[in-house]
Protein chains: 2
Amino acid sequence: MGPKNLSEQLLHDIGLEIVQGNLSPGEILPKVETLSEMKGVSRTVVREALKGLTARRLVESSTRVGTVVREKNEWLWWDPDIISWASRSNDSRNFLLQLSEVRLAIEPAAVRLAARNATDEDILLIKKSYERLENSLGDEEEWARADFEFHDSILLASRNVLMISLVKTLHNGLVQSRQTTIKVLKKYQEKNNHGKTEDALLMHKAVMEAICSRDEALAYEKMLHLLLSVVQLIEDLEASK
Amino acid sequence: MGPKNLSEQLLHDIGLEIVQGNLSPGEILPKVETLSEMKGVSRTVVREALKGLTARRLVESSTRVGTVVREKNEWLWWDPDIISWASRSNDSRNFLLQLSEVRLAIEPAAVRLAARNATDEDILLIKKSYERLENSLGDEEEWARADFEFHDSILLASRNVLMISLVKTLHNGLVQSRQTTIKVLKKYQEKNNHGKTEDALLMHKAVMEAICSRDEALAYEKMLHLLLSVVQLIEDLEASK
DNA sequence: TTCGATTTGTCCGTATGTATT
DNA sequence: TAATACATACGGACAAATCGA
(Lines give C-alpha, C1' and ligand atoms only; values in the text may rest on other atoms or scores of the structure.)
Protein backbone atom coordinates (compact mmCIF):
# COMPACT_ATOMS: atom_id res chain seq x y z
CA MET A 1 0.00 0.00 0.00
CA GLY A 2 3.01 2.30 0.12
CA PRO A 3 4.22 4.77 -2.48
CA LYS A 4 4.17 3.25 -5.94
CA ASN A 5 6.53 5.54 -7.77
CA LEU A 6 9.54 7.73 -7.08
CA SER A 7 7.65 11.00 -6.84
CA GLU A 8 5.29 9.57 -4.24
CA GLN A 9 8.21 8.23 -2.24
CA LEU A 10 9.89 11.59 -2.28
CA LEU A 11 6.59 13.28 -1.46
CA HIS A 12 6.31 11.14 1.66
CA ASP A 13 9.93 11.78 2.53
CA ILE A 14 9.65 15.54 2.47
CA GLY A 15 6.09 15.63 3.79
CA LEU A 16 7.15 13.63 6.82
CA GLU A 17 10.08 15.94 7.46
CA ILE A 18 7.86 18.99 7.33
CA VAL A 19 5.07 17.64 9.54
CA GLN A 20 7.54 16.22 12.02
CA GLY A 21 9.20 19.62 12.30
CA ASN A 22 12.59 18.94 10.78
CA LEU A 23 11.64 21.57 8.26
CA SER A 24 9.95 24.51 9.96
CA PRO A 25 7.46 27.01 8.54
CA GLY A 26 9.27 29.83 6.78
CA GLU A 27 12.22 27.65 5.86
CA ILE A 28 13.16 27.37 2.22
CA LEU A 29 13.63 23.97 0.64
CA PRO A 30 16.76 23.30 -1.42
CA LYS A 31 16.23 24.21 -5.02
CA VAL A 32 14.90 21.60 -7.39
CA GLU A 33 18.26 20.79 -8.89
CA THR A 34 19.89 20.35 -5.48
CA LEU A 35 17.07 18.15 -4.22
CA SER A 36 17.41 16.15 -7.39
CA GLU A 37 21.07 15.49 -6.61
CA MET A 38 20.51 14.93 -2.88
CA LYS A 39 17.82 12.33 -3.39
CA GLY A 40 19.29 10.80 -6.51
CA VAL A 41 16.24 11.39 -8.68
CA SER A 42 15.50 13.52 -11.70
CA ARG A 43 14.18 17.06 -11.57
CA THR A 44 10.90 15.79 -13.00
CA VAL A 45 10.38 13.58 -9.98
CA VAL A 46 11.23 16.40 -7.59
CA ARG A 47 8.82 18.76 -9.27
CA GLU A 48 6.01 16.22 -9.16
CA ALA A 49 6.63 15.61 -5.47
CA LEU A 50 6.50 19.36 -4.81
CA LYS A 51 3.12 19.46 -6.56
CA GLY A 52 1.88 16.94 -4.02
CA LEU A 53 3.14 19.11 -1.17
CA THR A 54 1.60 22.18 -2.77
CA ALA A 55 -1.78 20.45 -3.08
CA ARG A 56 -1.70 19.81 0.67
CA ARG A 57 -0.62 23.42 1.23
CA LEU A 58 2.47 22.36 3.13
CA VAL A 59 4.62 24.53 0.85
CA GLU A 60 4.29 27.39 -1.58
CA SER A 61 6.55 27.95 -4.55
CA SER A 62 7.36 31.15 -6.36
CA THR A 63 9.99 32.15 -8.85
CA ARG A 64 13.29 33.40 -7.63
CA VAL A 65 12.28 32.90 -3.97
CA GLY A 66 12.08 29.13 -3.99
CA THR A 67 9.77 26.73 -2.20
CA VAL A 68 8.94 27.75 1.37
CA VAL A 69 7.21 25.79 4.12
CA ARG A 70 3.84 27.35 5.00
CA GLU A 71 2.47 28.05 8.48
CA LYS A 72 0.92 25.10 10.30
CA ASN A 73 -2.52 26.68 10.38
CA GLU A 74 -2.51 26.83 6.58
CA TRP A 75 -1.90 23.12 6.16
CA LEU A 76 -4.83 20.97 4.99
CA TRP A 77 -4.88 18.79 8.07
CA TRP A 78 -7.80 16.65 6.89
CA ASP A 79 -5.62 14.68 4.55
CA PRO A 80 -4.88 11.04 5.32
CA ASP A 81 -1.19 11.46 4.55
CA ILE A 82 -0.70 14.53 6.72
CA ILE A 83 -2.55 12.82 9.55
CA SER A 84 -0.43 9.74 9.07
CA TRP A 85 2.76 11.80 9.20
CA ALA A 86 1.58 13.72 12.25
CA SER A 87 0.70 10.56 14.11
CA ARG A 88 4.30 9.43 13.72
CA SER A 89 5.77 12.69 14.99
CA ASN A 90 7.39 13.37 18.33
CA ASP A 91 4.34 14.82 20.04
CA SER A 92 2.06 12.21 18.51
CA ARG A 93 0.53 11.86 21.95
CA ASN A 94 -0.84 15.40 21.77
CA PHE A 95 -2.04 14.77 18.25
CA LEU A 96 -3.93 11.66 19.30
CA LEU A 97 -5.56 13.73 22.01
CA GLN A 98 -6.73 16.29 19.46
CA LEU A 99 -8.02 13.55 17.20
CA SER A 100 -10.01 12.12 20.06
CA GLU A 101 -11.44 15.52 20.94
CA VAL A 102 -12.67 15.93 17.40
CA ARG A 103 -14.03 12.42 17.39
CA LEU A 104 -16.18 13.05 20.45
CA ALA A 105 -17.51 16.15 18.74
CA ILE A 106 -18.12 14.74 15.26
CA GLU A 107 -19.23 11.14 15.53
CA PRO A 108 -22.32 11.67 17.68
CA ALA A 109 -23.27 14.43 15.26
CA ALA A 110 -22.78 12.05 12.35
CA VAL A 111 -25.05 9.50 14.01
CA ARG A 112 -27.64 12.19 14.64
CA LEU A 113 -27.52 13.04 10.96
CA ALA A 114 -28.02 9.36 10.16
CA ALA A 115 -31.11 9.27 12.36
CA ARG A 116 -32.48 12.19 10.38
CA ASN A 117 -31.57 11.23 6.82
CA ALA A 118 -31.62 7.42 6.75
CA THR A 119 -33.75 5.82 4.04
CA ASP A 120 -35.64 2.61 4.69
CA GLU A 121 -32.93 0.65 2.90
CA ASP A 122 -30.30 2.27 5.13
CA ILE A 123 -32.22 1.19 8.22
CA LEU A 124 -32.42 -2.33 6.93
CA LEU A 125 -28.68 -2.45 6.34
CA ILE A 126 -27.97 -1.09 9.81
CA LYS A 127 -30.15 -3.72 11.42
CA LYS A 128 -28.42 -6.43 9.41
CA SER A 129 -25.01 -5.11 10.42
CA TYR A 130 -26.04 -5.14 14.06
CA GLU A 131 -27.16 -8.75 13.82
CA ARG A 132 -23.78 -9.70 12.45
CA LEU A 133 -22.21 -7.92 15.39
CA GLU A 134 -24.44 -9.85 17.75
CA ASN A 135 -23.40 -13.14 16.18
CA SER A 136 -19.69 -12.42 16.58
CA LEU A 137 -19.63 -12.05 20.34
CA GLY A 138 -16.94 -14.64 21.00
CA ASP A 139 -14.62 -14.03 18.06
CA GLU A 140 -12.28 -11.02 18.42
CA GLU A 141 -11.37 -10.88 14.74
CA GLU A 142 -14.91 -11.22 13.51
CA TRP A 143 -16.08 -8.63 16.03
CA ALA A 144 -13.62 -6.08 14.68
CA ARG A 145 -14.82 -6.63 11.13
CA ALA A 146 -18.48 -6.53 12.12
CA ASP A 147 -17.90 -3.44 14.22
CA PHE A 148 -16.36 -1.68 11.24
CA GLU A 149 -19.26 -2.68 9.02
CA PHE A 150 -21.76 -1.53 11.63
CA HIS A 151 -20.30 1.95 11.93
CA ASP A 152 -19.91 2.12 8.18
CA SER A 153 -23.56 1.34 7.59
CA ILE A 154 -24.56 4.11 10.00
CA LEU A 155 -22.22 6.56 8.36
CA LEU A 156 -23.64 5.75 4.95
CA ALA A 157 -27.11 6.52 6.28
CA SER A 158 -26.12 10.11 7.00
CA ARG A 159 -26.48 10.57 3.25
CA ASN A 160 -23.94 13.35 3.45
CA VAL A 161 -20.76 12.82 1.47
CA LEU A 162 -18.93 15.52 3.44
CA MET A 163 -19.72 13.88 6.75
CA ILE A 164 -18.83 10.44 5.41
CA SER A 165 -15.48 11.61 4.12
CA LEU A 166 -14.74 13.44 7.35
CA VAL A 167 -15.43 10.54 9.68
CA LYS A 168 -13.58 8.07 7.48
CA THR A 169 -10.46 10.20 7.53
CA LEU A 170 -10.87 10.59 11.27
CA HIS A 171 -11.12 6.84 11.83
CA ASN A 172 -8.14 6.26 9.62
CA GLY A 173 -6.12 8.71 11.68
CA LEU A 174 -7.14 7.14 14.96
CA VAL A 175 -6.07 3.71 13.79
CA GLN A 176 -2.73 5.03 12.56
CA SER A 177 -2.21 7.00 15.73
CA ARG A 178 -2.90 4.05 17.95
CA GLN A 179 -0.70 1.74 15.95
CA THR A 180 2.27 3.86 16.87
CA THR A 181 1.38 4.81 20.44
CA ILE A 182 -0.41 1.88 21.93
CA LYS A 183 0.29 -1.13 19.76
CA VAL A 184 1.33 -3.61 22.41
CA LEU A 185 -1.63 -2.92 24.65
CA LYS A 186 -3.89 -4.91 22.41
CA LYS A 187 -2.94 -8.07 24.21
CA TYR A 188 -4.23 -6.65 27.47
CA GLN A 189 -7.42 -5.76 25.68
CA GLU A 190 -7.89 -9.34 24.55
CA LYS A 191 -7.56 -10.63 28.09
CA ASN A 192 -9.75 -8.14 29.87
CA ASN A 193 -12.46 -7.64 27.30
CA HIS A 194 -14.28 -10.92 27.39
CA GLY A 195 -16.47 -9.63 30.17
CA LYS A 196 -16.97 -6.24 28.63
CA THR A 197 -17.99 -7.13 25.10
CA GLU A 198 -21.53 -7.77 26.25
CA ASP A 199 -21.73 -4.24 27.60
CA ALA A 200 -20.36 -3.00 24.29
CA LEU A 201 -23.01 -4.93 22.42
CA LEU A 202 -25.75 -3.34 24.47
CA MET A 203 -24.43 0.11 23.75
CA HIS A 204 -24.30 -0.65 20.05
CA LYS A 205 -27.86 -1.89 20.26
CA ALA A 206 -29.01 1.34 21.87
CA VAL A 207 -27.47 3.35 19.06
CA MET A 208 -29.05 1.13 16.45
CA GLU A 209 -32.50 1.36 18.01
CA ALA A 210 -32.33 5.13 18.36
CA ILE A 211 -31.51 5.51 14.68
CA CYS A 212 -34.19 3.09 13.59
CA SER A 213 -36.80 4.99 15.57
CA ARG A 214 -35.35 8.19 14.09
CA ASP A 215 -34.79 9.74 17.50
CA GLU A 216 -32.01 12.22 16.73
CA ALA A 217 -31.31 13.36 20.26
CA LEU A 218 -31.25 9.84 21.64
CA ALA A 219 -29.01 8.60 18.82
CA TYR A 220 -26.57 11.42 19.57
CA GLU A 221 -26.57 10.61 23.26
CA LYS A 222 -26.15 6.87 22.87
CA MET A 223 -23.29 7.25 20.45
CA LEU A 224 -21.56 9.66 22.78
CA HIS A 225 -22.04 7.17 25.59
CA LEU A 226 -20.46 4.43 23.51
CA LEU A 227 -17.48 6.61 22.61
CA LEU A 228 -16.91 7.68 26.18
CA SER A 229 -16.76 4.05 27.22
CA VAL A 230 -14.08 3.48 24.59
CA VAL A 231 -12.11 6.43 25.94
CA GLN A 232 -12.48 5.03 29.43
CA LEU A 233 -11.20 1.67 28.26
CA ILE A 234 -8.11 3.20 26.69
CA GLU A 235 -7.38 5.24 29.79
CA ASP A 236 -7.71 2.14 31.96
CA LEU A 237 -5.29 0.27 29.76
CA GLU A 238 -2.73 3.03 29.86
CA ALA A 239 -3.02 3.36 33.62
CA SER A 240 -2.31 -0.35 34.04
CA LYS A 241 0.77 -0.13 31.85
CA MET B 1 -5.84 34.61 -6.25
CA GLY B 2 -6.31 32.29 -9.22
CA PRO B 3 -3.92 29.71 -10.62
CA LYS B 4 -0.44 31.11 -10.96
CA ASN B 5 1.08 28.72 -13.44
CA LEU B 6 0.02 26.47 -16.30
CA SER B 7 -0.16 23.25 -14.33
CA GLU B 8 -2.45 24.82 -11.73
CA GLN B 9 -4.69 26.18 -14.46
CA LEU B 10 -4.93 22.77 -16.04
CA LEU B 11 -5.46 21.19 -12.63
CA HIS B 12 -8.45 23.45 -12.06
CA ASP B 13 -9.75 22.75 -15.56
CA ILE B 14 -9.77 19.00 -15.17
CA GLY B 15 -10.69 19.05 -11.49
CA LEU B 16 -13.77 21.10 -12.26
CA GLU B 17 -14.78 18.73 -15.03
CA ILE B 18 -14.49 15.74 -12.73
CA VAL B 19 -16.33 17.24 -9.77
CA GLN B 20 -19.05 18.67 -11.99
CA GLY B 21 -19.59 15.24 -13.49
CA ASN B 22 -18.45 15.78 -17.07
CA LEU B 23 -15.92 13.09 -16.31
CA SER B 24 -17.50 10.26 -14.35
CA PRO B 25 -15.88 7.77 -11.97
CA GLY B 26 -14.41 4.87 -13.90
CA GLU B 27 -13.77 6.94 -16.99
CA ILE B 28 -10.26 7.11 -18.34
CA LEU B 29 -8.64 10.43 -19.08
CA PRO B 30 -6.92 10.95 -22.42
CA LYS B 31 -3.28 9.94 -22.26
CA VAL B 32 -0.71 12.52 -21.31
CA GLU B 33 0.44 13.14 -24.85
CA THR B 34 -3.13 13.66 -26.09
CA LEU B 35 -3.97 16.00 -23.21
CA SER B 36 -0.78 17.87 -23.96
CA GLU B 37 -1.94 18.46 -27.53
CA MET B 38 -5.56 19.17 -26.58
CA LYS B 39 -4.67 21.83 -24.05
CA GLY B 40 -1.65 23.18 -25.87
CA VAL B 41 0.81 22.60 -23.06
CA SER B 42 3.83 20.40 -22.57
CA ARG B 43 3.68 16.89 -21.16
CA THR B 44 5.49 18.17 -18.08
CA VAL B 45 2.61 20.51 -17.29
CA VAL B 46 0.06 17.78 -17.84
CA ARG B 47 1.91 15.40 -15.57
CA GLU B 48 2.16 17.99 -12.79
CA ALA B 49 -1.57 18.73 -13.04
CA LEU B 50 -2.32 15.02 -12.77
CA LYS B 51 -0.21 14.89 -9.61
CA GLY B 52 -2.46 17.57 -8.15
CA LEU B 53 -5.53 15.48 -9.00
CA THR B 54 -3.87 12.39 -7.55
CA ALA B 55 -3.11 14.20 -4.29
CA ARG B 56 -6.83 14.99 -3.97
CA ARG B 57 -7.61 11.37 -4.83
CA LEU B 58 -9.81 12.38 -7.74
CA VAL B 59 -7.85 10.09 -10.06
CA GLU B 60 -5.48 7.16 -9.95
CA SER B 61 -2.79 6.46 -12.55
CA SER B 62 -1.11 3.23 -13.51
CA THR B 63 0.97 2.15 -16.42
CA ARG B 64 -0.70 0.87 -19.52
CA VAL B 65 -4.19 1.42 -17.99
CA GLY B 66 -4.04 5.19 -17.92
CA THR B 67 -5.49 7.69 -15.48
CA VAL B 68 -8.97 6.78 -14.23
CA VAL B 69 -11.45 8.87 -12.25
CA ARG B 70 -11.97 7.42 -8.76
CA GLU B 71 -15.28 6.86 -6.98
CA LYS B 72 -16.84 9.89 -5.33
CA ASN B 73 -16.58 8.43 -1.86
CA GLU B 74 -12.82 8.17 -2.28
CA TRP B 75 -12.36 11.86 -3.04
CA LEU B 76 -10.83 14.05 -0.33
CA TRP B 77 -13.83 16.32 0.00
CA TRP B 78 -12.29 18.50 2.70
CA ASP B 79 -10.15 20.33 0.21
CA PRO B 80 -10.90 23.98 -0.55
CA ASP B 81 -10.54 23.42 -4.27
CA ILE B 82 -12.85 20.42 -4.43
CA ILE B 83 -15.40 22.27 -2.33
CA SER B 84 -15.07 25.27 -4.61
CA TRP B 85 -15.59 23.12 -7.69
CA ALA B 86 -18.55 21.33 -6.13
CA SER B 87 -20.23 24.59 -5.14
CA ARG B 88 -20.20 25.62 -8.79
CA SER B 89 -21.70 22.36 -10.03
CA ASN B 90 -25.23 21.76 -11.25
CA ASP B 91 -26.60 20.43 -7.99
CA SER B 92 -24.77 23.04 -5.95
CA ARG B 93 -28.01 23.53 -4.09
CA ASN B 94 -27.78 20.04 -2.67
CA PHE B 95 -24.13 20.58 -1.86
CA LEU B 96 -24.89 23.77 0.05
CA LEU B 97 -27.47 21.84 2.00
CA GLN B 98 -24.88 19.23 2.97
CA LEU B 99 -22.42 21.93 3.95
CA SER B 100 -25.05 23.50 6.19
CA GLU B 101 -25.85 20.17 7.79
CA VAL B 102 -22.22 19.68 8.66
CA ARG B 103 -21.99 23.23 9.92
CA LEU B 104 -24.83 22.74 12.39
CA ALA B 105 -23.06 19.63 13.62
CA ILE B 106 -19.52 20.95 13.84
CA GLU B 107 -19.57 24.57 14.87
CA PRO B 108 -21.42 24.18 18.16
CA ALA B 109 -18.99 21.38 18.95
CA ALA B 110 -16.08 23.69 18.11
CA VAL B 111 -17.44 26.32 20.46
CA ARG B 112 -17.87 23.72 23.18
CA LEU B 113 -14.24 22.77 22.70
CA ALA B 114 -13.30 26.42 23.03
CA ALA B 115 -15.18 26.65 26.32
CA ARG B 116 -13.15 23.72 27.56
CA ASN B 117 -9.67 24.56 26.28
CA ALA B 118 -9.50 28.36 26.21
CA THR B 119 -6.56 29.94 28.01
CA ASP B 120 -6.92 33.23 29.86
CA GLU B 121 -5.37 35.06 26.92
CA ASP B 122 -7.88 33.44 24.59
CA ILE B 123 -10.75 34.64 26.77
CA LEU B 124 -9.35 38.16 26.74
CA LEU B 125 -9.14 38.14 22.96
CA ILE B 126 -12.70 36.86 22.64
CA LYS B 127 -14.00 39.61 24.90
CA LYS B 128 -12.11 42.19 22.91
CA SER B 129 -13.49 40.83 19.66
CA TYR B 130 -17.00 40.98 21.05
CA GLU B 131 -16.56 44.62 22.02
CA ARG B 132 -15.51 45.43 18.50
CA LEU B 133 -18.64 43.70 17.29
CA GLU B 134 -20.70 45.77 19.71
CA ASN B 135 -19.17 48.98 18.41
CA SER B 136 -19.95 48.17 14.79
CA LEU B 137 -23.71 47.91 15.11
CA GLY B 138 -24.58 50.43 12.42
CA ASP B 139 -21.89 49.70 9.84
CA GLU B 140 -22.55 46.65 7.64
CA GLU B 141 -18.99 46.35 6.37
CA GLU B 142 -17.41 46.76 9.76
CA TRP B 143 -19.88 44.27 11.24
CA ALA B 144 -18.85 41.63 8.72
CA ARG B 145 -15.18 42.10 9.55
CA ALA B 146 -15.79 42.14 13.29
CA ASP B 147 -18.02 39.07 13.01
CA PHE B 148 -15.26 37.19 11.23
CA GLU B 149 -12.74 38.21 13.88
CA PHE B 150 -15.11 37.19 16.66
CA HIS B 151 -15.66 33.70 15.33
CA ASP B 152 -11.97 33.41 14.56
CA SER B 153 -10.99 34.27 18.11
CA ILE B 154 -13.36 31.58 19.41
CA LEU B 155 -12.03 29.04 16.99
CA LEU B 156 -8.47 29.78 18.04
CA ALA B 157 -9.46 29.13 21.64
CA SER B 158 -10.38 25.55 20.82
CA ARG B 159 -6.61 24.99 20.82
CA ASN B 160 -7.13 22.15 18.39
CA VAL B 161 -5.48 22.54 15.03
CA LEU B 162 -7.70 19.85 13.48
CA MET B 163 -10.86 21.61 14.56
CA ILE B 164 -9.54 24.97 13.42
CA SER B 165 -8.62 23.67 9.99
CA LEU B 166 -11.95 21.93 9.64
CA VAL B 167 -14.12 24.91 10.47
CA LYS B 168 -12.05 27.26 8.34
CA THR B 169 -12.48 25.04 5.30
CA LEU B 170 -16.16 24.78 6.10
CA HIS B 171 -16.60 28.56 6.29
CA ASN B 172 -14.70 28.99 3.09
CA GLY B 173 -17.00 26.54 1.37
CA LEU B 174 -20.12 28.23 2.67
CA VAL B 175 -18.98 31.60 1.39
CA GLN B 176 -18.14 30.16 -2.03
CA SER B 177 -21.38 28.27 -2.17
CA ARG B 178 -23.46 31.31 -1.33
CA GLN B 179 -21.62 33.49 -3.79
CA THR B 180 -22.89 31.31 -6.60
CA THR B 181 -26.38 30.49 -5.31
CA ILE B 182 -27.60 33.51 -3.43
CA LYS B 183 -25.43 36.39 -4.49
CA VAL B 184 -28.11 38.96 -5.30
CA LEU B 185 -30.02 38.42 -2.10
CA LYS B 186 -27.49 40.38 -0.13
CA LYS B 187 -29.27 43.57 -1.00
CA TYR B 188 -32.43 42.33 0.66
CA GLN B 189 -30.36 41.48 3.68
CA GLU B 190 -29.07 45.00 3.89
CA LYS B 191 -32.58 46.41 3.87
CA ASN B 192 -34.22 44.05 6.29
CA ASN B 193 -31.44 43.53 8.76
CA HIS B 194 -31.25 46.85 10.51
CA GLY B 195 -33.83 45.70 12.99
CA LYS B 196 -32.36 42.29 13.44
CA THR B 197 -28.72 43.08 14.09
CA GLU B 198 -29.49 43.85 17.71
CA ASP B 199 -30.91 40.38 18.13
CA ALA B 200 -27.80 38.99 16.49
CA LEU B 201 -25.62 40.93 18.88
CA LEU B 202 -27.44 39.49 21.86
CA MET B 203 -26.94 35.96 20.56
CA HIS B 204 -23.25 36.62 20.05
CA LYS B 205 -23.07 37.97 23.57
CA ALA B 206 -24.64 34.82 24.95
CA VAL B 207 -22.04 32.68 23.19
CA MET B 208 -19.24 34.87 24.46
CA GLU B 209 -20.45 34.77 28.04
CA ALA B 210 -20.92 31.02 28.02
CA ILE B 211 -17.35 30.50 26.83
CA CYS B 212 -15.94 32.96 29.34
CA SER B 213 -17.68 31.18 32.18
CA ARG B 214 -16.45 27.91 30.68
CA ASP B 215 -19.92 26.44 30.51
CA GLU B 216 -19.50 23.87 27.74
CA ALA B 217 -23.13 22.80 27.43
CA LEU B 218 -24.41 26.37 27.40
CA ALA B 219 -21.80 27.46 24.86
CA TYR B 220 -22.87 24.61 22.59
CA GLU B 221 -26.51 25.53 22.93
CA LYS B 222 -26.08 29.25 22.38
CA MET B 223 -23.95 28.71 19.28
CA LEU B 224 -26.52 26.33 17.87
CA HIS B 225 -29.20 28.92 18.55
CA LEU B 226 -27.21 31.54 16.71
CA LEU B 227 -26.67 29.28 13.71
CA LEU B 228 -30.31 28.30 13.53
CA SER B 229 -31.25 31.95 13.39
CA VAL B 230 -28.90 32.37 10.44
CA VAL B 231 -30.50 29.42 8.69
CA GLN B 232 -33.91 30.92 9.38
CA LEU B 233 -32.79 34.21 7.90
CA ILE B 234 -31.58 32.57 4.70
CA GLU B 235 -34.80 30.61 4.35
CA ASP B 236 -36.85 33.77 4.81
CA LEU B 237 -34.83 35.51 2.15
CA GLU B 238 -35.28 32.70 -0.33
CA ALA B 239 -38.99 32.50 0.34
CA SER B 240 -39.40 36.20 -0.41
CA LYS B 241 -37.54 35.84 -3.69
C1' DT C 1 3.35 -18.48 -21.00
C1' DT C 2 5.10 -15.49 -24.26
C1' DC C 3 4.94 -11.49 -27.06
C1' DG C 4 3.75 -7.08 -28.75
C1' DA C 5 1.37 -2.84 -28.00
C1' DT C 6 0.25 0.90 -25.04
C1' DT C 7 0.68 4.15 -21.34
C1' DT C 8 2.77 5.95 -17.33
C1' DG C 9 7.27 6.66 -15.24
C1' DT C 10 11.82 8.59 -15.48
C1' DC C 11 15.79 11.20 -17.11
C1' DC C 12 17.89 15.21 -19.02
C1' DG C 13 19.37 19.28 -22.12
C1' DT C 14 17.59 23.54 -23.01
C1' DA C 15 15.01 27.78 -22.90
C1' DT C 16 11.97 31.32 -20.73
C1' DG C 17 9.85 34.08 -17.02
C1' DT C 18 10.18 36.67 -12.91
C1' DA C 19 11.51 38.77 -8.79
C1' DT C 20 15.64 40.28 -6.18
C1' DT C 21 19.92 42.66 -5.86
C1' DT D 1 19.84 49.12 -15.75
C1' DA D 2 22.00 44.77 -15.63
C1' DA D 3 23.24 40.53 -13.47
C1' DT D 4 21.65 36.73 -10.81
C1' DA D 5 19.09 32.87 -9.13
C1' DC D 6 15.30 30.41 -8.93
C1' DA D 7 10.90 28.22 -10.64
C1' DT D 8 8.57 27.30 -14.81
C1' DA D 9 8.12 25.22 -19.27
C1' DC D 10 9.34 22.50 -23.37
C1' DG D 11 10.27 18.04 -25.75
C1' DG D 12 13.09 13.94 -27.09
C1' DA D 13 14.50 9.59 -25.40
C1' DC D 14 14.18 5.36 -22.95
C1' DA D 15 12.57 2.22 -18.99
C1' DA D 16 9.00 -0.27 -16.64
C1' DA D 17 4.65 -2.10 -15.99
C1' DT D 18 0.42 -4.03 -17.65
C1' DC D 19 -3.07 -5.74 -20.74
C1' DG D 20 -4.71 -8.60 -24.50
C1' DA D 21 -3.91 -11.92 -28.04
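In what follows, chains carry the letters A, B, and so on, assigned in the order in which the sequence lines appear, proteins first and then strands, with residues in each chain numbered from 1. Only heavy atoms go into these numbers, but all of them, side chains included; no hydrogens, no water, no symmetry mates.
Listed by residue number, the members of residues 28-42 of chain A with any heavy atom below 4.0 angstrom from DNA chain C are Val41(A), Ser42(A). Shown for residues 6-19 of chain A: residues whose heavy atoms fall under 4.0 angstrom of DNA chain C, namely Leu6(A), Ser7(A). For the contact set between residues 51-59 of chain B and DNA chain D, defined by any heavy atom under 4.0 Å, there are no members.
Under the 30°/60° scheme for interplanar angles, the aromatic rings of His151(B) and His171(B) are found to stand perpendicular. Classification of the Trp143(A)-His204(A) ring pair by plane angle, with boundaries at 30° and 60°, yields perpendicular.
Counting heavy atoms from C-beta on, the side chains of Ile28(A) and Thr67(A) never come closer than 4.5 Å. With a 4.5 Å cut-off on side-chain heavy atoms, Val102(B) and Leu99(B) do not count as touching.
Checked by atom type, the side-chain pair Asn117(B)/Glu101(A) shows a donor-acceptor distance below 3.5 Å. When only modelled atom types and interatomic distance are considered, Asn5(B) and Ser7(B) share a side-chain donor-acceptor pair under 3.5 Å. In the model, Ser136(B) has no side-chain atom that pairs as donor or acceptor with a side-chain atom of Arg132(B) under 3.5 Å.
Between the CZ atom of Arg47(B) and the C1' atom of dG12(D) there is a distance of 15 Å, rounded to whole Å. dA15(D) atom P lies 19 Å from atom CG of Asn5(A), rounded to whole Å. Atoms NZ (Lys4(A)) and P (dT7(C)) sit 17 Å apart, rounded to a whole Å.
A ring-ring contact (aromatic ring centres under 6.0 Å, His included) check over residues 21-76 of chain A, counting only residues at least two apart or in different chains, returns the pairs Trp75(A)-Trp77(A).
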Could you go over nucleotides 16-19 of chain C and give all protein N or O partners under 3.5 Å, atom names and distances?
none

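None of Glu134(A), Lys127(A), Lys128(A) except one satisfies the side chain to side chain contact (heavy atoms under 4.5 Å, CB included) rule with Tyr130(A); the exception is Glu134(A).
Checking side-chain atoms of Asn172(B) against main-chain N and O of Lys168(B) turns up no donor-acceptor pair under 3.5 Å. A side-chain donor-acceptor contact under 3.5 Å links Ser89(B) to the backbone of Ala86(B). Glu48(B) places no side-chain N or O within donor-acceptor distance of the main-chain N or O of Val45(B), the cut-off being under 3.5 Å.
Not counting sequence neighbours, the partners of Arg56(B) by the salt bridge (Lys or Arg N to Asp or Glu O under 4.0 Å) test are Asp79(B), Asp81(B).
For Arg43(A), taking side-chain heavy atoms from C-beta onward, the closest of the listed nucleotides dA13(D), dT8(C), dT14(C) is dT14(C).
A donor-acceptor contact under 3.5 Å is not formed by the side chain of Ser62(A) with the base of dC6(D).
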